[in-house]
Colleague: 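Would you mind keeping the following structure in view while I ask a few things?
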Amino acid sequence: MPDQSFAGETGSPNVGRDPIFDRVPPHDDDAEMAVLGGMLMSKDAIGEVSQMIDVSDFYQPKHQTIYDAIITLFSASQPVDAVIVANELLKDGNLEKVGGADYLHSLVASVPTAANATYYADIVHQRAILRNVIAAGTKIAQMGYSAEGSQAEDIVNLAQAEVYEMSVGRVRQDYEAIGPVVEETLNQLDQLQNGLIQKGVPTGFRDIDDVTQGLQPGQMIVVAGRPAMGKSTLGIDFARHAALHANMTTVVFSLEMSKNELAQRIIAAETNIPLGALRRADEITPERWATLNNFWGKLENAPLFIDDSPNMSLMEIRAKCRRLKQTNDLKLVVIDYLQLMSSGKAVESRQQEVSEFSRALKLLAKELEVPVVALSQLNRGPEMRNDKKPQLSDLRESGSIEQDADVVFLVHRPDFYDKEDRPGEADIIMAKHRNGPTETFNLAFLGANSKFKDMPQDFQQGV
C-alpha cells in the first residue's frame with residue numbers, strides 16, 4: 001500500500017513528500033530593504049527598530065550583515081549613514097558581499113521617510129516568526145518519522161519543547177518564584193549597607209535624599225506647581241546635580257524653554273552669576289569671564305543632554321531615551337512639561353491624551369530602569385484657597401498622573417502671593433510617596449540664580 005502520510009497528495013508523482021518544504025520560506029525583501037533604509041536615514045528609527053527585531057529576523061544574509069554593521073556603529077555612539085556603514089563593512093571585508101556602496105545608497109532611496117521603519121520592522125518580524133514555525137514543524141515531522149520504538153508521549157513532549165523553544169526567544173518570562181526574588185532583595189540590602197551600590201539618583205537636597213534615598217530606577221516622579229512657581233527650576237536642579245555632580249547620564253526634554261535659556265539657567269545656578277547678568281553683555285566683568293571659562297572647563301564632558309525639539313511626540317522621547325540607555329547608560333530623564341507633549345494622533349479628549357502620556361512614561365521608567373521626572377502644571381485650585389497651598393487633587397487635566405506617579409512633589413512659594421510671607425523660602429510638599437512617608441521640605445529659593453538650595457540645618461522656619 002502506498003505511503004498516505006500526507007493526505008491529499010495522491011495522484012502527484014511526489015506522493016509522501018510535503019511540497020511546503022520545497023517552497024521559498026516566507027520573507028519580504030522590500031520590507032527588509034525599507035527597514036534598513038529607514039535606519040540609515042534616522043537614529044530614532046534605529047532605536048525603535050532595534051527594540052522590535054533581531055539580526056536573525058532578516059532572511060537575506062546581506063541584510064543581516066548590514067543590520068549588524070548599523071547596530072555596531074549605533075551602540076558605539078557613532079553617526080550612522082550610508083557612507084559610514086559602507087566604511088564599516090569595508091573594514092570588516094564585507095562591503096562587496098552585500099553589493100557595494102551602491103546597494104546601501106539604493107536602500108536609502110527605497111524609502112521616502114524613516115517614519116514608517118517600525119511598520120516595516122513589524123512585517124520583517126512577522127515573516128521571521130512564520131519561518132520559525134515552518135522550521136519547528138519540519139523538525140517535529142522528522143521526529144515523528146524517526147521515532148521508531150519511542151513512546152508516542154515522548155515524541156509529543158519533544159514536539160511541545162520544540163514549539164516552546166521557538167517562542168521563548170520572543171516571549172519574556174515575566175513571572176518569577178518568590179524565593180529568588182526575596183533573595184535578590186536581601187542581597188541588594190546587604191550591598192547597600194556595605195556601600196557597594198548607590199542608593200538611587202541623588203537630587204542634591206539633603207532632606208529629600210534622606211527620605212527618598214535618591215530617585216529610584218523605574219519610578220515616575222512628578223514635580224508640579226502653578227506657573228512661575230519654580231517647578232522647572234526644581235526639575236533642572238535634579239538634572240544638574242545628577243549629571244554635573246554625580247556624573248550620571250541625564251537627559252532633559254525641554255518643551256517650554258530653548259536650549260540657550262536652559263543653558264543660561266544652568267550657568268547661573270552653577271556659577272552664582274545672576275541670570276539677568278547673563279543676558280546683558282556689560283554686566284560680564286573680567287572676573288565673571290574667568291568664572292565662566294573655569295565652569296566651561298569642568299562642564300565640557302559632562303553627561304548632560306538637552307533636547308528642545310518642538311512638538312515632541314511620545315514615540316520620539318521613547319526612541320531617544322532607549323538610544324541614550326544603549327549608548328551612554330542613561331540614569332535620569334526629566335521632561336518639562338507633561339501638558340506640552342503631543343501624541344501626533346487624534347484623541348477623544350485632552351484628558352485621555354495626558355493619561356496616555358502619564359502611563360507611557362511610567363512604563364518607560366520601568367523598561368529602562370531609570371527614574372523619569374515629569375513636570376506638570378497644577379490647575380487654579382490653590383489660588384481659590386486662603387493658604388494657597390497646592391494639593392494632590394490640583395494636578396491638571398488628569399487623575400491618572402496622580403495614579404501613575406510613585407512620588408509627587410508640589411512646589412509652593414508663599415512669597416509669590418505675599419512678599420512678606422517667608423520671603424525667599426519654598427515648601428516642596430511631597431504629597432505622594434509610594435514607598436515611604438510623605439513630608440514637606442523647606443528649601444531656599446534663589447530666583448536670581450535660578451535654583452533651590454538647602455536651608456542651614458539649624459534654620460528655624462518663619463511663621
Side-chain angles (χ1 to χ4, degrees), residues 77 197-210 212-217 219 221 223 230-279 284 287-308 320-321 323-325 327-337 365 368-375 409 411 426 428 441 443-455:
S77 300
I197 54 173
Q198 283 189 310
K199 295 174 178 177
V201 177
T203 64
F205 298 106
R206 181 187 60 236
D207 296 338
I208 294 179
D209 283 338
D210 189 44
T212 60
Q213 297 295 292
L215 306 177
Q216 301 299 317
Q219 285 192 341
I221 296 102
V223 175
K231 64 180 181 301
S232 292
T233 303
L234 189 63
I236 301 308
D237 280 346
F238 289 171
R240 211 167 40 83
H241 187 81
L244 308 188
H245 299 276
N247 202 37
M248 293 177 159
T249 303
T250 301
V251 62
V252 177
F253 294 101
S254 178
L255 287 80
E256 189 172 36
M257 283 183 281
S258 71
K259 283 189 271 204
N260 287 340
E261 285 177 296
L262 261 180
Q264 286 175 344
R265 285 178 170 231
I266 290 166
I267 293 166
E270 289 288 325
T271 62
N272 290 321
I273 296 171
L275 192 57
L278 293 171
R279 293 169 183 160
I284 303 299
E287 292 79 20
R288 281 180 171 169
W289 263 123
T291 304
L292 290 169
N293 285 328
N294 186 37
F295 169 63
W296 162 239
K298 288 181 193 166
L299 187 79
E300 209 167 349
N301 297 311
L304 179 59
F305 297 87
I306 294 169
D307 191 327
D308 65 350
K320 288 169 180 174
C321 288
R323 187 197 308 162
L324 278 170
K325 184 70 178 176
T327 57
N328 293 73
D329 192 20
L330 182 66
K331 294 291 187 188
L332 177 66
V333 178
V334 178
I335 297 168
D336 182 17
Y337 61 96
L368 299 183
E369 294 188 330
V370 300
V372 172
V373 176
L375 311 186
F409 293 114
V411 183
I428 308 300
F441 306 102
L443 299 178
F445 178 67
L446 284 66
N449 296 112
S450 188
K451 67 177 174 181
F452 288 91
K453 197 177 172 186
D454 277 326
M455 288 289 198

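In this chain, numbering begins with 1 at the start of the sequence shown.
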Colleague: Has Ser258 got a side-chain atom pairing as donor or acceptor with Glu261's backbone, closer than 3.5 angstrom?
Modeller: yes

Colleague: Identify the heavy atoms of Arg265 and Thr233 that sit nearest to each other, and give their distance.
Modeller: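 Looking at all heavy atoms of both residues, the closest pair is NH1-OG1, 3.3 Å.
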
Colleague: Restricting to non-hydrogen atoms, name the atom on Phe452 and the atom on Phe205 that form the minimum distance, rounded to 0.1 Å.
Modeller: O-CE2, 3.5 Å

Colleague: With Asn272, which residues qualify under side-chain contact (heavy atoms from CB on, under 4.5 Å), at least two apart?
Modeller: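 Residues passing side-chain contact (heavy atoms from CB on, under 4.5 Å) with Asn272: Asn449, Lys451.
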
Colleague: How long is the gap from CD1 on Ile266 to CG on Leu244, to the nearest 0.5 Å?
Modeller: 7.0 Å

Colleague: Are Leu332 and Val334 packed together at the side-chain level, in the sense that at least one heavy-atom pair is separated by less than 4.5 angstrom?
Modeller: yes

Colleague: Rounded to the nearest 0.5 Å, what separates atom CZ in Phe445 from atom OG in Ser450?
Modeller: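 Taking CZ in Phe445 and OG in Ser450, the distance rounds to 7.0 Å.
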
Colleague: List the residues meeting ring pair (Phe, Tyr, Trp, His ring centres under 6.0 Å) with Phe253, not counting sequence neighbours, and say none if there are none.
Modeller: none

Colleague: What I'd like to find out is whether the side chain of Pro303 reaches to under 4.5 Å of the side chain of Met248, using heavy atoms alone.
Modeller: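 Side-chain contact under 4.5 Å: no.
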
Colleague: Do Arg288 and Pro274 touch side chain to side chain, with heavy atoms closer than 4.5 Å?
Modeller: yes

Colleague: Can you name the closest pair of heavy atoms from Val370 and Lys325 and give their distance?
Modeller: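 Minimum heavy-atom separation between Val370 and Lys325: CG1-NZ, 3.8 Å.
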
Colleague: Between atom CG of Leu292 and atom CD of Glu270, what is the distance when rounded to the nearest 0.5 Å?
Modeller: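 Going from the CG atom of Leu292 to the CD atom of Glu270 covers 12.0 Å.
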
Colleague: Locate the shortest heavy-atom distance separating Leu443 from Met455; write the atom from each residue and the value.
Modeller: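 Here Leu443 and Met455 meet closest at O-CE, 3.7 Å.
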
Colleague: At what distance, to the nearest 0.5 angstrom, does CG of Leu375 lie from CD1 of Ile221?
Modeller: 11.0 Å

Colleague: Looking at every heavy atom in both Leu446 and Lys453, which two are closest together, and how far apart are they?
Modeller: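 That closest heavy-atom pairing would be CD1-CB, 4.0 Å.
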
Colleague: Looking at CG of Leu234 and CD1 of Ile428, how far apart are the two atoms once the value is rounded to the nearest 0.5 Å?
Modeller: 5.0 Å

Colleague: For Gly214, is there any backbone N or O sitting under 3.5 Å from a side-chain donor or acceptor partner on Gln216?
Modeller: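 Yes, the answer is positive, given that a donor and an acceptor are paired below the 3.5 Å cut-off.
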
Colleague: Are side-chain heavy atoms of Met257 and Asp308 found at a separation under 4.5 Å?
Modeller: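 Not touching, per the 4.5 Å side-chain cut-off.
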
Colleague: Write down the atom of Pro202, the atom of His241, and the distance for their closest heavy-atom approach.
Modeller: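 For Pro202 versus His241, the nearest heavy atoms are O-CD2, 3.5 Å.
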
Colleague: Does atom CD (Glu369) have a neighbourhood of more than 12 heavy atoms from anything else shown, all under 6.0 Å?
Modeller: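 Check fails, neighbour count at 12 or below.
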
Colleague: For residues Leu215 and Phe238, determine if any side-chain heavy atom of one lies less than 4.5 Å from a side-chain heavy atom of the other.
Modeller: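 Answer yes - side chains close enough.
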
Colleague: Knowing that exactly one of Asp210, Thr203, Ile208 qualifies, which makes a side-chain contact (heavy atoms from CB on, under 4.5 Å) with Phe441?
Modeller: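 Of all the options given, the one that passes is Ile208.
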
Colleague: Are Val333 and Val373 close enough that some pair of their side-chain heavy atoms sits under 4.5 Å apart?
Modeller: no

Colleague: Main chain of Glu256, side chain of Asp336: is a donor-acceptor contact present, judged purely on distance under 3.5 Å?
Modeller: no

Colleague: Applying side-chain contact (heavy atoms from CB on, under 4.5 Å) between Leu304 and each of Thr250, Val251, Ile236, Thr249, report the one that passes.
Modeller: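 Only match with Leu304 under side-chain contact (heavy atoms from CB on, under 4.5 Å): Thr250.
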
Colleague: Are any of the side-chain heavy atoms of Asp307 and Ser254 separated by less than 4.5 Å?
Modeller: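 Asp307 vs Ser254: side chains apart.
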
Colleague: First locate atom CD1 of Ile267, then atom CD1 of Ile273, and finally report the distance between them rounded to the nearest 0.5 Å.
Modeller: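 Separation between the atoms: 8.5 Å.
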
